[in-house]
Novice: 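Below is a structure I'd like to ask you about.
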Amino acid sequence: MEGEEMALRIAEKAAEVTNDLKIPYVFKGSYRKANRSRIDSFTGIGDEKALKILRKVSETFDIPTITDIHSASEAAMAAEYVDILQIPAFLCRQTDILVAAAKTGKVVNIKKGQFLAPEAMIFAINKVRDSGNDQVMVTERGTTFGYQDLIVDYRGIPVMQKMNVPVVLDITHSLQQPNQATGVTGGKPELIETIAKAGISVGCDGIFLETHFDPANAKSDGANMLHLDHLKSLLTKLSMLRRTVLNLHSDYNISSPRA
C-alpha cells in the first residue's frame with residue numbers, strides 16, 4: 001500500500017474489468033512489507049493507515065480484500081479490516097500464525113513456501129482446520145530453482161486440489177528473481193501471460209496478479225508486475241481460455257476443473 005490514491009486507482013480499474021468479464025475479484029494490498037532484502041527498502045505507510053485504506057477500497061467498490069499478516073499478534077488486528085488473511089510463503093509452516101489466523105474466523109489463504117513440496121501443504125491446511133476453521137485456500141507461487149530463480153511445477157495444482165481447498169496460482173511472484181546482488185528482487189514480467197495461460201489450462205481455481213499503473217516506480221515488486229493498462233487484455237484472454245478448457249472437459253466427459 002503506497003497510499004490511498006494508488007489503491008483506489010488500481011481497484012477501480014480492476015473492478016471495472018472483472019465486473020465486465022464476470023470474474024470474482026479480491027483486492028490484495030499489504031499493510032506492511034515485512035520481507036525486504038535491504039533495510040532501506042520501502043516497508044509501508046503505517047499499519048493502521050494502510051488497513052483503513054483497504055477498508056475504504058472494500059466499501060467503495062463492494063469487493064472483498066486480503067492482506068498478509070506477519071506474526072500471530074497481527075491476526076486479530078488485520079481481521080478487523082479485511083475479509084481474508086494471507087500467510088506469507090516463508091511463514092507457511094509457522095503453527096502460531098496459522099492458528100491465530102484460523103481463530104479470527106476469517107478465510108485463510110496460505111501461500112506455499114518456495115521450499116515446500118505440494119504434498120506437504122496438507123499439514124499447514126490441517127493446522128487451520130484443526131483450529132476450528134474450514135475456510136482455507138492455498139496459493140502456488142513457484143519453487144526455488146537455484147539461488148536466483150523460481151520455477152512453477154503445475155503438477156502441484158491438482159495435487160493440492162485433492163486436499164479439498166481452492167488452489168490459486170500466483171503468477172507474478174512466480175516470475176520473481178530473488179537474491180540479486182543489488183538487494184532488489186528482479187523479475188520476468190514478459191512471461192506473465194505464459195504462466196497465466198498454463199495455470200488456467202491445468203485448472204487452477206484463481207489467479208493472483210500484481211498490477212500497477214507505473215511498475216517502474218512501484219515501491220515493491222515492480223520488476224515482475226503487469227502494467228494496469230494490460231489487465232483487460234490479459235483477463236479477456238484468460239476468460240476465453242477458461243471457457244474453452246471447461247467446454248473440452250464437458251465434451252469429452254472427463255474430470256473438469258472446478259468452475
Side-chain angles (χ1 to χ4, degrees), residues 1-21 23 25-45 49-50 53-54 56-57 60-61 63 65-68 86 88-90 111 114 139-142 145 148-152 168-200 204 206-239:
M1 301 295 291
E2 298 173 4
E4 183 175 307
E5 188 275 335
M6 166 262 193
L8 293 174
R9 181 174 172 182
I10 293 172
E12 181 178 25
K13 178 63 175 180
E16 175 189 326
V17 171
T18 53
N19 282 338
D20 287 346
L21 295 172
I23 300 172
Y25 173 52
V26 179
F27 180 88
K28 164 63 172 41
S30 296
Y31 59 86
R32 181 174 4 106
K33 298 296 288 184
N35 177 23
R36 304 283 82 190
S37 296
R38 296 178 0 188
I39 198 168
D40 60 347
S41 296
F42 173 79
T43 58
I45 59 175
K49 183 177 180 180
I53 294 171
L54 280 166
K56 184 170 183 177
V57 166
T60 302
F61 302 106
I63 53 177
T65 55
I66 177 174
T67 195
D68 313 85
Q86 180 166 287
F90 283 127
K111 297 193 81 171
Q114 302 93 318
T139 296
E140 167 64 51
R141 51 95 69 240
F145 188 68
Q148 295 177 326
D149 207 355
L150 298 165
I151 191 168
V152 178
V168 174
L169 174 61
D170 182 343
I171 298 162
T172 45
H173 280 97
S174 296
L175 290 169
Q176 284 184 333
Q177 293 180 304
N179 306 318
Q180 299 297 305
T182 60
V184 178
T185 298
K188 295 182 177 181
E190 68 275 11
L191 292 176
I192 286 173
E193 186 170 323
T194 300
I195 296 292
K197 285 179 176 177
I200 295 296
C204 67
I207 59 170
F208 180 116
L209 180 68
E210 295 170 299
T211 184
H212 198 285
F213 47 82
D214 186 12
N217 291 301
K219 295 184 181 296
S220 175
D221 295 341
N224 47 273
M225 282 183 175
L226 179 76
H227 197 290
L228 189 60
D229 289 346
H230 303 317
L231 182 65
K232 183 173 183 179
S233 174
L234 177 62
L235 293 185
T236 299
K237 292 176 184 177
L238 297 182
S239 295

Novice: Hey, what do you get for CD1 (Ile200) to CD1 (Ile195), rounding to the nearest 0.5 Å?
Specialist: 12.5 Å

Novice: Closest heavy-atom contact between Leu226 and His230?
Specialist: CD1-CB, 3.9 Å

Novice: Is it the case that atom CZ in Phe213 sees more than 12 heavy atoms from other parts of the structure closer than 6.0 Å?
Specialist: yes

Novice: Can you see which heavy atom on Val168 is nearest to which on Phe208, and at what distance?
Specialist: CG1-N, 3.7 Å

Novice: Going by ring-ring contact (aromatic ring centres under 6.0 Å, His included), name the residues that satisfy it together with Phe27, two or more places apart in sequence or in a different chain.
Specialist: none

Novice: NZ/Lys111 to CD/Gln86 distance, rounded to the nearest 0.5 angstrom?
Specialist: 5.0 Å

Novice: Set out, in order, the CA-CA distance, both residues' side-chain angles and the distance that settles side chain to side chain contact (heavy atoms under 4.5 Å, CB included) for Leu234 and Leu209, then state yes or no.
Specialist: CA-CA 11 Å; Leu234 177 62; Leu209 180 68; 4.1 Å; yes

Novice: Hey, are the side chains of Val26 and Ile63 touching, using non-hydrogen atoms and a 4.5 Å cut-off?
Specialist: no

Novice: On a heavy-atom basis, which atom in Ala218 and which in Glu2 lie closest, and how many Å separate them?
Specialist: CA-OE2, 3.5 Å

Novice: Please step through side chain to side chain contact (heavy atoms under 4.5 Å, CB included) for the pair Tyr31 and Ile53, ending with a clear verdict.
Specialist: CA-CA 9 Å; Tyr31 59 86; Ile53 294 171; over 6 Å; no

Novice: Which distance, rounded to the nearest 0.5 Å, do you find between the CD1 of Ile207 and the CD of Glu140?
Specialist: 14.5 Å

Novice: When you measure from the side chain of Glu5 to the backbone N and O of Ala7, does any donor-acceptor pair fall under 3.5 Å?
Specialist: no

Novice: Mind listing the side-chain donor-acceptor pairs of residues 9-21 below 3.5 Å, one per line with the distance, residues two or more places apart or on another chain?
Specialist:
| residue | atom | partner | partner atom | Å |
| --- | --- | --- | --- | --- |
| Thr18 | OG1 | Ala14 | O | 2.8 |
| Thr18 | OG1 | Ala15 | O | 3.2 |
| Asn19 | ND2 | Ala15 | O | 3.1 |

Novice: Side chains of Asp170 and Thr139 only: does a donor on one sit below 3.5 Å from an acceptor on the other?
Specialist: no

Novice: Nearest 0.5 Å, please: how far is CZ in Arg32 from CE in Met1?
Specialist: 14.0 Å

Novice: Please report the shortest heavy-atom distance between Ser30 and Thr67, naming the atom on each side.
Specialist: CA-OG1, 3.6 Å

Novice: Rounded to the nearest 0.5 Å, what separation is found between the CE atom of Met225 and the CG atom of Leu175?
Specialist: 13.0 Å

Novice: Shortest non-hydrogen contact from Ser174 to Leu169?
Specialist: OG-CD1, 4.4 Å

Novice: Take Phe90 and Gln114, measure what side chain to side chain contact (heavy atoms under 4.5 Å, CB included) needs, and give me the verdict at the end.
Specialist: CA-CA 8 Å; Phe90 283 127; Gln114 302 93 318; 3.5 Å; yes

Novice: Would you say NZ of Lys28 has more than 12 non-hydrogen atoms from neighbouring residues, nucleotides or ligands within 6.0 angstrom?
Specialist: yes

Novice: Heavy atoms only: give me the nearest Ile171-Ile192 pair and the separation to one decimal.
Specialist: CG2-O, 3.6 Å

Novice: Going by the rule salt bridge (Lys or Arg N to Asp or Glu O under 4.0 Å), which residues pair with Lys56 if we only count those two or more places apart in sequence or in a different chain?
Specialist: Glu4

Novice: Mind checking the CG-OG1 spacing from Leu231 to Thr236? Nearest 0.5 Å is all I need.
Specialist: 8.5 Å

